[in-house]
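Only a predicted model underlies this, so the values are computations on that prediction, with no experimental measurement involved.
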Amino acid sequence: MESTGHGLQRLITAREAGLIACTRCGQVHAGGAVRCKRCHGPLRSRDTQSLQKVWAWLIAGIIAFFPANIYPMLITNTLVEHSEATIIGGVVQLVGHHSYGIAAIVFVASIMIPIGKFLAIAYLAISVHRQQILKMHQRHKLYDVVEFIGRWSMIDVFVVAILSALVQLGGVATINPGVAALSFALSVVFTMLSALAFDPRLIWDADRTAQ
């Protein structure tokens, strides 16, 4: 901590104190260190290409998200019919069968959460680039939320994979994943990589610069 000149003390970052922490194990080193003495990983105060990586992966995730909602997610073949269901089509069918709870879960996990992650990551990247100081703590919380919900983003792909493995009744009925399943999986992976590429320490840097 350092004095502000008014009898108050201000928290300082490790970077301002001439220290650097390993992003792998958390070991703190002097600012001139190159490799971690504990895990031997490379040390760097900031990832200077963090925002470029974030935007690259995010744009790739958004591009893959469109075919995931246009093309069929599930292809069903029986003796009497052939049907293809998109994500939205599946939600509509579930509502038609009065399965409102399942329809809500599919809609939230397949539409709301991915779009929410796109907006949240884009907001974090823009706010850091513009060095906005407002609600810095909320931005850290938003980053934690993005990290947390990432593990639930593949629920549709898991359901399709399970159905495809279980419902294979020879010539009677088969269920296979459609093109959208691959596109959705790619979109989720790209979005997760975008979130991982974001260096949360940039939020502190933006706050210090704005001050």
Side-chain angles (χ1 to χ4, degrees), residues 47 49-78 80-128 139 141-170 172-200:
D47 184 355
Q49 298 181 341
S50 175
L51 293 182
Q52 291 92 327
K53 296 176 183 176
V54 168
W55 284 114
W57 288 120
L58 182 61
I59 292 173
I62 293 174
I63 292 174
F65 186 69
F66 284 102
N69 287 273
I70 296 174
Y71 293 100
M73 174 71 75
L74 204 63
I75 301 174
T76 305
N77 292 296
T78 65
V80 294
E81 67 176 359
H82 169 85
S83 62
E84 299 179 350
T86 61
I87 295 177
I88 295 297
V91 172
V92 173
Q93 289 181 8
L94 288 171
V95 171
H97 288 87
H98 305 291
S99 299
Y100 302 114
I102 299 177
I105 292 174
V106 173
F107 180 76
V108 171
S110 305
I111 304 297
M112 299 300 295
I113 287 181
I115 293 177
K117 287 186 67 176
F118 294 149
L119 295 177
I121 295 173
Y123 170 75
L124 288 172
I126 293 173
S127 65
V128 166
R139 279 186 282 164
K141 288 294 184 181
L142 181 61
Y143 176 76
D144 291 338
V145 170
V146 170
E147 286 283 287
F148 174 77
I149 64 178
R151 69 193 69 179
W152 302 103
S153 301
M154 289 286 245
I155 186 170
D156 273 15
V157 179
F158 292 152
V159 171
V160 171
I162 292 172
L163 288 175
S164 299
L166 294 180
V167 185
Q168 298 293 339
L169 303 179
V172 179
T174 59
I175 295 180
N176 298 301
V179 176
L182 177 59
S183 298
F184 190 84
L186 289 174
S187 178
V188 171
V189 171
F190 291 154
T191 309
M192 291 175 65
L193 290 173
S194 178
L196 290 173
F198 182 80
D199 189 347

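A distance of 16.0 Å separates CZ in F107 from OH in Y100, rounded to the nearest 0.5 Å. L58 CG to K53 NZ: the interatomic distance, rounded to the nearest 0.5 Å, is 15.5 Å. One distance of note links CG of L186 with OG1 of T191; it measures 10.5 Å at 0.5 Å rounding. Atom CD1 in I115 sits 7.5 Å away from atom CG in N69 (nearest 0.5 Å). To the nearest 0.5 Å, atoms CH2 (W55) and CD1 (I121) are separated by 9.5 Å.
For the pair T86 and I70, the minimum side-chain heavy-atom distance is 4.5 Å or more. Contact of the I63 side chain with the F190 side chain is not registered, since no non-hydrogen atoms from C-beta on lie closer than 4.5 Å.
The two atoms that bring F184 and S110 nearest to each other are CE1-O, 3.5 Å, heavy atoms only. Shortest non-hydrogen contact noted between A197 and S50 is O-OG, 2.7 Å. When every heavy atom of V54 is checked against every heavy atom of A125, the shortest pair comes out as CG1-CB, 4.2 Å.
Ring pair F65/F118 is perpendicular by interplanar angle, where above 60° counts as perpendicular and below 30° as parallel.
Among residues two or more places apart in sequence or in another chain, the ring pair (Phe, Tyr, Trp, His ring centres under 6.0 Å) test is passed with H97 by none.
Side-chain atoms of S187 never come within 3.5 Å of backbone atoms of S183 as a donor-acceptor pair (strictly under, hydrogens ignored).
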